[in-house]
Amino acid sequence: MADRLGWKSIRKNPRIWTGMRRLIWIPVLTLALTLVSVTGCGNRQSMGTSGQDGASDRTGADSRPDGGTDWEAQGLSEAPEIEGLTCKAQLPLEYAQNFRIYCYSDGYRVIEVEDSLSYLVVPEGGLVPAKLPEDMTVLTRPMERIYVAGTAAMAMFHALGGLDEVLFSGLEADGWYVDEAREAMEDGRIKFAGKYDEPDYEMLVDEGCDLAVESQMIHHSPKVSEMLGMMDIPVFIDCASNESHPLGRVEWIKVYGVLLDKEEEAEAFFKEQTAVLDELEGVEDTERSVVYFYINSGGQAVVRTGTDYIARMIKIAGGRYPFESLKDEKKSTAAISMEEFYAAAADADYLIYNSSIDNRLSSISELTAKDEILKGIKAVKEGNVFCTDKDFYQASDTASEMIRDIHIMLTDGDEDKMTFLYRVEK
């Protein structure tokens with residue numbers, strides 16, 4: 001919207017913008033903070049879990065769809081009407097349920113995300129339509145000064161060769177396990193611009209940030225979204241963490257392909273990841289059980305619920321998850337007492353300790369030191385304890401490789417070929 005007023009053009013002229021900023025920064029910031037505290041942030045309606053029309057059976061299955069669907073004819077009646085543009089197709093999705101991409105004439109795209117978020121992506125050199133649906137956010141390509149505050153999204157930029165478009169990070173350099181992102185920060189090519197809930201507004205405005213990519217954590221800090229919007233910095237909220245199928249998360253690469261004008265690259269990368277899963281197609285149930293957990297500071301075991309994507313990974317890899325009956329559509333984890341944990345996990349064949357949250361394990365004795373009750377678990381007695389690498393939670397683009405790791409574990413395969421897991425020594 002602001003483009004039609006010439007505001008974005010002013011912002012991108014350093015000499016004019018710097019002078020204006022000096023005159024307006026302090027009073028505008030003060031006024032904005034006052035307004036935000038009064039108005040707050042409106043509630044959003046969820047797109048729901050069914051995803052696009054007819055997709056629930058396909059995306060809810062453990063195997064890939066068999067193809068043959070006329071995707072171009074599906075969902076177009078739901079595409080937003082935009083004056084001057086014609087919706088030509090809906091981008092085909094195989095696993096993801098929480099976004100839709102509509103392809104319009106002249107290279108325009110609309111991305112709809114769970115929480116009823118809607119984004120119009122304007123191609124380079126394109127004009128912003130005069131009339132747009134209410135609450136639709138305009139994103140104009142190229143976006144070359146991006147603030148990545150949602151950590152899982154950085155892997156998507158890296159997978160598409162898009163780190164050059166990232167100028168700001170919501171993590172310090174030592175917080176990144178994506179090597180290239182950490183190196184870029186150490187070299188000064190990416191700058192720390194504050195955490196997602198405390199961004200450095202002055203830096204972002206001063207250096208012309210043109211997009212903030214946030215995770216759903218931003219909903220806990222609605223004032224930040226309001227402030228960024230007032231400063232003509234659009235906010236894109238990544239909802240990939242809501243995907244129940246692990247490859248649904250990976251399929252969000254298609255969203256970033258649209259944002260970065262790398263749609264072909266995104267499709268090719270996604271096919272590579274699904275090829276990894278194809279290797280396991282039709283794998284039989286090994287009848288071996290796997291527990292994925294960590295112990296929090298309060299001494300409770302934190303496990304994944306039966307509806308979480310980790311539980312789905314274990315099943316796809318040929319394993320069984322003892323906490324499958326623990327289901328909560330709104331939560332991916334549950335904190336339970338060690339007694340409850342032991343009751344379900346005592347006969348587990350394998351334990352996977354989640355070091356993404358807690359520290360890495362160097363020995364099984366280090367694990368049992370957290371609670372003596374763990375010594376009675378079958379997997380501990382037999383030495384079948386594995387641990388995730390720290391980088392797993394940031395590797396949203398390669399979830400299929402974790403499935404392969406679990407399969408290697410379950411079938412006593414070559415552990416040297418594992419990407420994210422390692423065996424914990426006795």
Side-chain angles (χ1 to χ4, degrees), residues 62 246 276 279-280 282-306 308-326 332-393 395 399-426:
D62 290 333
V276 174
E279 297 172 8
L280 302 177
V283 66
E284 295 183 2
D285 182 359
T286 64
E287 299 186 0
R288 293 180 172 184
S289 55
V290 181
V291 173
Y292 187 97
F293 77 110
Y294 75 93
I295 298 175
N296 65 20
S297 58
Q300 294 175 300
V302 181
V303 299
R304 314 301 283 222
T305 62
D308 181 65
Y309 78 106
I310 294 290
R312 183 67 65 85
M313 282 182 167
I314 293 170
K315 183 177 180 181
I316 295 172
R320 296 182 177 181
Y321 186 57
F323 294 94
E324 187 173 9
S325 61
L326 185 63
S332 61
T333 62
I336 59 177
S337 70
M338 290 304 298
E339 290 73 21
E340 291 175 296
F341 177 78
Y342 183 83
D347 295 325
D349 296 294
Y350 297 91
L351 296 184
I352 298 178
Y353 196 77
N354 179 14
S355 73
S356 298
I357 307 297
D358 199 5
N359 294 324
R360 286 167 51 105
L361 295 177
S362 58
S363 66
I364 290 180
S365 60
E366 186 178 338
L367 172 64
T368 56
K370 295 177 182 292
D371 197 303
E372 290 287 321
I373 199 173
L374 295 170
K375 292 182 178 180
I377 294 177
K378 176 184 176 183
V380 173
K381 293 178 181 179
E382 296 181 353
N384 288 325
V385 178
F386 288 75
C387 189
T388 65
D389 277 329
K390 277 286 189 182
D391 60 348
F392 173 55
Y393 84 101
S400 58
E401 293 179 22
M402 180 59 153
I403 299 172
R404 183 165 54 188
D405 284 2
I406 297 173
H407 182 68
I408 291 172
M409 178 186 73
L410 287 168
T411 56
D412 302 318
D414 185 355
E415 294 175 15
D416 289 337
K417 294 182 179 180
M418 290 181 171
T419 302
F420 297 114
L421 293 181
Y422 67 92
R423 181 183 290 272
V424 179
E425 300 298 326
K426 293 184 178 181

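Along the sequence shown, residues carry numbers from 1. Both backbone and side-chain heavy atoms feed into the values below; hydrogens, waters and symmetry mates do not.
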* Mind running side-chain contact (heavy atoms from CB on, under 4.5 Å) on V276 and I403 for me, showing each step along the way? => CA-CA 9 Å; V276 174; I403 299 172; over 6 Å; no
* Does some side-chain heavy atom of V380 sit less than 4.5 Å from a side-chain heavy atom of I364? -> yes
* To do: Could I get the full list of side chain to side chain contact (heavy atoms under 4.5 Å, CB included) partners for L326, not counting sequence neighbours?
  => V303, F323, A334
* To do: Please check if the side chain of S363 supplies one atom and the backbone of K426 the other of a donor-acceptor pair under 3.5 Å.
  => no
* Minimum-distance pair of heavy atoms, taken over all atoms of G319 and L410 -> N-CD1, 3.4 Å
* Asked: How would you list, by chain and number, every residue that makes a side chain to side chain donor-acceptor pair (under 3.5 Å) with T286, sequence neighbours excluded?
  -> none
* **E372: partners by salt bridge (Lys or Arg N to Asp or Glu O under 4.0 Å), with sequence neighbours left out** => K375
* Asked: Does E415 reach the side chain of L421, with side-chain heavy atoms less than 4.5 Å apart?
  -> no
* **salt bridge (charged side-chain N to carboxylate O under 4.0 Å, His left out) contacts touching residues 404-413 (sequence neighbours left out)** => E279-R404, R288-D412
* To do: Only counting residues at least two apart or in another chain, list the ones meeting salt bridge (Lys or Arg N to Asp or Glu O under 4.0 Å) with D414.
  => none
* Asked: Using a distance-only test with no angle check, is there a side-chain donor-acceptor pair under 3.5 angstrom linking T305 and S332?
  -> no
* To do: First locate atom CD of E339, then atom CD of Q300, and finally report the distance between them rounded to the nearest 0.5 Å.
  => 10.5 Å
* Does any non-hydrogen side-chain atom of R360 lie less than 4.5 Å from one of Y422? -> yes
* Asked: Quick one: side chain to side chain donor-acceptor pair (under 3.5 Å) partners of E366, sequence neighbours excluded?
  -> S362
* Asked: Under the salt bridge (Lys or Arg N to Asp or Glu O under 4.0 Å) test, which residues partner E425, sequence neighbours left out?
  -> none
* To do: Name all residues meeting the side chain to side chain contact (heavy atoms under 4.5 Å, CB included) criterion together with K378; count only those two or more places apart in sequence or in a different chain, and write none if there are none.
  => D349, E382
* **side chain to side chain donor-acceptor pair (under 3.5 Å) partners of D416, counting only residues at least two apart** => none
* Asked: Taking only residues two or more places apart in sequence or in another chain, which ones pass side chain to side chain donor-acceptor pair (under 3.5 Å) with T411?
  -> none
Would you be so kind as to tabulate the donor-acceptor pairs closer than 3.5 Å made by side chains of residues 340-347, with sequence neighbours excluded?
unit_1, atom_1, unit_2, atom_2, d
E340, OE1, S337, N, 3.0
E340, OE1, S337, OG, 3.1

* Asked: Do K315 and R320 have side chains that get closer than 4.5 Å, going by heavy atoms?
  -> no
* Would you indicate whether the side-chain heavy atoms of I310 and Y292 approach each other to under 4.5 Å? => yes
* Asked: What do the steps show when you test V290 against M409 for side-chain contact (heavy atoms from CB on, under 4.5 Å), and what is the final call?
  -> CA-CA 10 Å; V290 181; M409 178 186 73; 3.8 Å; yes
* Asked: Is the closest side-chain heavy-atom distance between I408 and K417 below 4.5 Å?
  -> yes
* side chain to side chain contact (heavy atoms under 4.5 Å, CB included) partners for A348, two or more places apart -> S289, V291, L351
* To do: Using atom types as modelled and distance alone, determine if a side-chain donor or acceptor of D371 lies under 3.5 Å from a backbone N or O of L374.
  => no
* To do: Specify the closest pair of heavy atoms between G376 and K381, including all atoms of both residues, with the distance to one decimal.
  => O-CE, 3.4 Å
* Asked: Between M338 and I295, is any pair of side-chain heavy atoms under 4.5 Å apart?
  -> yes
* **Heavy-atom closest contact (A379 atom, V385 atom, distance)** => O-CG2, 4.0 Å
* To do: Dump the intermediate steps for side-chain contact (heavy atoms from CB on, under 4.5 Å) on F386 and Y353, then the final yes or no.
  => CA-CA 6 Å; F386 288 75; Y353 196 77; over 6 Å; no
* Flag the pair P246 / I316 as yes when at least one side-chain heavy-atom distance between them is below 4.5 Å, and no otherwise. => yes
